[in-house]
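What follows is one structure encoded as structure tokens, with my remarks underneath.
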Amino acid sequence: MAIAEALIHEHVGVESDRIVGPDAVCKQMIRHWCEVMQDANPLYSDEEYAKSTKYGEIIAPPMQVQVYTMSPLWPEVKREPNPMEKLVALLDHEGYTSIVATEQGQEYFAPMKVGDEISYTLSVQKVSPEKMTARGPGYFCTFLYTFMNQRNEVVCKQTFTILAYNAISKE
């Protein structure tokens with residue numbers, strides 16, 4: 001049932017065009033994030049305190065990076081499929097129709113400041129050989145998001161790994 005390795009590996013290393021987030025970093029979204037996460041760090045809300053730090057102003061919580069690049073739920077945004085979507089479609093077509101997220105990691109490089117425009121590129125970083133798992137045969141696929149601001153500074157690199165598996169076939 002395994003897909004030809006060459007077919008899968010055609011996707012590895014392919015990077016998307018730069019995708020610009022629809023929203024700039026703003027105090028309102030920082031406030032909402034901090035309320036939901038119950039994060040009282042004054043660097044995110046207290047202007048006087050933030051001015052006294054090496055940043056010189058309020059910054060956004062680093063883990064909030066993806067918030068500024070999420071496409072609106074409505075109206076639907078029409079665009080070409082990105083490398084992750086193309087690989088998942090291939091796996092789906094080949095019978096690996098179930099997906100579970102297995103790991104996510106983030107590494108931060110530059111702070112996000114109010115007014116920053118965050119964008120990202122997305123690539124398929126690696127795909128494992130087919131593995132037999134308790135869920136069925138499948139592939140672990142790791143994707144790399146590279147988030148940057150309008151000054152082309154890398155803000156964050158995020159890895160996201162999924163298991164795409166065939167829940168029906170237990171070879």
Side-chain angles (χ1 to χ4, degrees), residues 8-91 99-128 139-164:
I8 288 177
H9 289 286
E10 287 177 11
H11 295 271
V12 175
V14 175
E15 187 173 69
S16 70
D17 291 336
R18 192 166 176 159
I19 301 161
V20 178
D23 299 304
V25 176
C26 66
K27 290 180 184 178
Q28 295 86 348
M29 284 208 273
I30 293 170
R31 181 180 58 81
H32 289 297
W33 175 274
C34 290
E35 286 176 7
V36 169
M37 296 299 171
Q38 298 180 359
D39 188 338
N41 186 333
L43 188 53
Y44 309 144
S45 61
D46 183 333
E47 290 194 40
E48 288 305 311
Y49 173 81
K51 283 180 186 175
S52 72
T53 69
K54 67 180 181 180
Y55 303 108
E57 62 187 291
I58 286 177
I59 64 169
M63 291 185 348
Q64 192 184 22
V65 66
Q66 205 166 5
V67 168
Y68 296 104
T69 61
M70 296 174 79
S71 296
L73 298 175
W74 180 88
E76 184 179 347
V77 175
K78 301 290 184 196
R79 59 172 173 71
E80 288 295 313
N82 64 43
M84 178 174 68
E85 293 162 339
K86 289 177 181 178
L87 178 60
V88 168
L90 168 67
L91 292 166
I99 293 178
V100 62
T102 62
E103 184 178 9
Q104 179 175 313
Q106 291 183 329
E107 185 177 5
Y108 308 111
F109 300 95
M112 295 181 295
K113 298 181 176 187
V114 173
D116 278 353
E117 303 273 337
I118 306 300
S119 59
Y120 68 99
T121 58
L122 173 60
S123 62
V124 178
Q125 189 176 42
K126 63 184 175 181
V127 180
S128 73
Y139 294 90
F140 288 92
C141 308
T142 301
F143 307 100
L144 175 64
Y145 291 80
T146 302
F147 296 95
M148 46 233 110
N149 60 28
Q150 71 279 9
R151 294 176 298 281
N152 290 320
E153 298 169 327
V154 174
V155 171
C156 173
K157 288 190 176 185
Q158 173 182 293
T159 55
F160 180 61
T161 303
I162 64 168
L163 168 63

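FYI, side chains are in, hydrogens and waters are out, and symmetry mates aren't considered; it's all heavy atoms of this structure. This structure is a prediction, so every number in the text was calculated from the model and none was measured.
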With a 4.5 Å heavy-atom cut-off, do Pro62 and Cys156 have their side chains touching? no
If the test is side chain to side chain contact (heavy atoms under 4.5 Å, CB included), which one of Asn82, Leu144, Thr142 qualifies with Ser123? Leu144
So, does Thr102 use its side chain to make a donor-acceptor pair with the main chain of Thr161 at under 3.5 Å? yes
Could you tell me whether Lys157 atom NZ has more than 12 heavy atoms of other residues or ligands within 6.0 Å of it? no
Report yes if some heavy atom in the side chain of Ile59 is under 4.5 Å from a heavy atom in the side chain of Thr53; otherwise report no. no
Decide yes or no on side chain to side chain contact (heavy atoms under 4.5 Å, CB included) for Phe147 and Gln66, but give the supporting numbers first. CA-CA 8 Å; Phe147 296 95; Gln66 205 166 5; 4.1 Å; yes
Surrounding CD of Glu80 (heavy atoms of other residues, nucleotides or ligands, distance under 6.0 Å), is the total greater than 12? no
Is there a side-chain contact between Ser45 and Ile30 in this structure, where contact means two heavy atoms from C-beta onward sitting under 4.5 Å apart? no
Out of curiosity, Glu15 CD to Leu122 CG, how far, rounded to the nearest 0.5 Å? 8.5 Å
Do Lys27 and Glu47 sit within salt-bridge range, that is, some charged N less than 4.0 Å from a carboxylate O? yes
Can you tell me how far the CD atom of Glu103 sits from the CD1 atom of Ile162, to the nearest 0.5 Å? 13.0 Å
Closer than 3.5 angstrom, by distance alone: can the side chain of Gln150 be matched with the main-chain N or O of Glu117 as a donor-acceptor pair? yes
Is it true that atom CG of Asp23 has more than 12 heavy atoms of other residues, nucleotides or ligands lying nearer than 6.0 Å? yes
Test log, rule side chain to side chain contact (heavy atoms under 4.5 Å, CB included), inputs Lys126 and Phe140: CA-CA 8 Å; Lys126 63 184 175 181; Phe140 288 92; over 6 Å; no
Could you give me the CA-CA distance, side-chain angles and deciding distance for Phe143 and Leu87, then say whether side chain to side chain contact (heavy atoms under 4.5 Å, CB included) is met? CA-CA 10 Å; Phe143 307 100; Leu87 178 60; 4.1 Å; yes
Would you say Asp39's side chain and Asn41's backbone share a donor-acceptor pair under 3.5 angstrom? yes
So, taking the atom named CG in Asn149 and the one named CE in Met112, what distance separates them when rounded to the nearest 0.5 Å? 10.0 Å
Heavy-atom donor-acceptor pair, Gln64 side chain to Met29 backbone, under 3.5 Å: yes
Which one of Asn152, Thr121, Thr146 satisfies the side chain to side chain donor-acceptor pair (under 3.5 Å) criterion with Arg18? Asn152
Before you tell me yes or no, could you show the steps for Tyr145 and Met84 under side chain to side chain contact (heavy atoms under 4.5 Å, CB included), namely the whole-Å CA-CA distance, both residues' side-chain angles and the distance that decides it to 0.1 Å? CA-CA 10 Å; Tyr145 291 80; Met84 178 174 68; 3.4 Å; yes
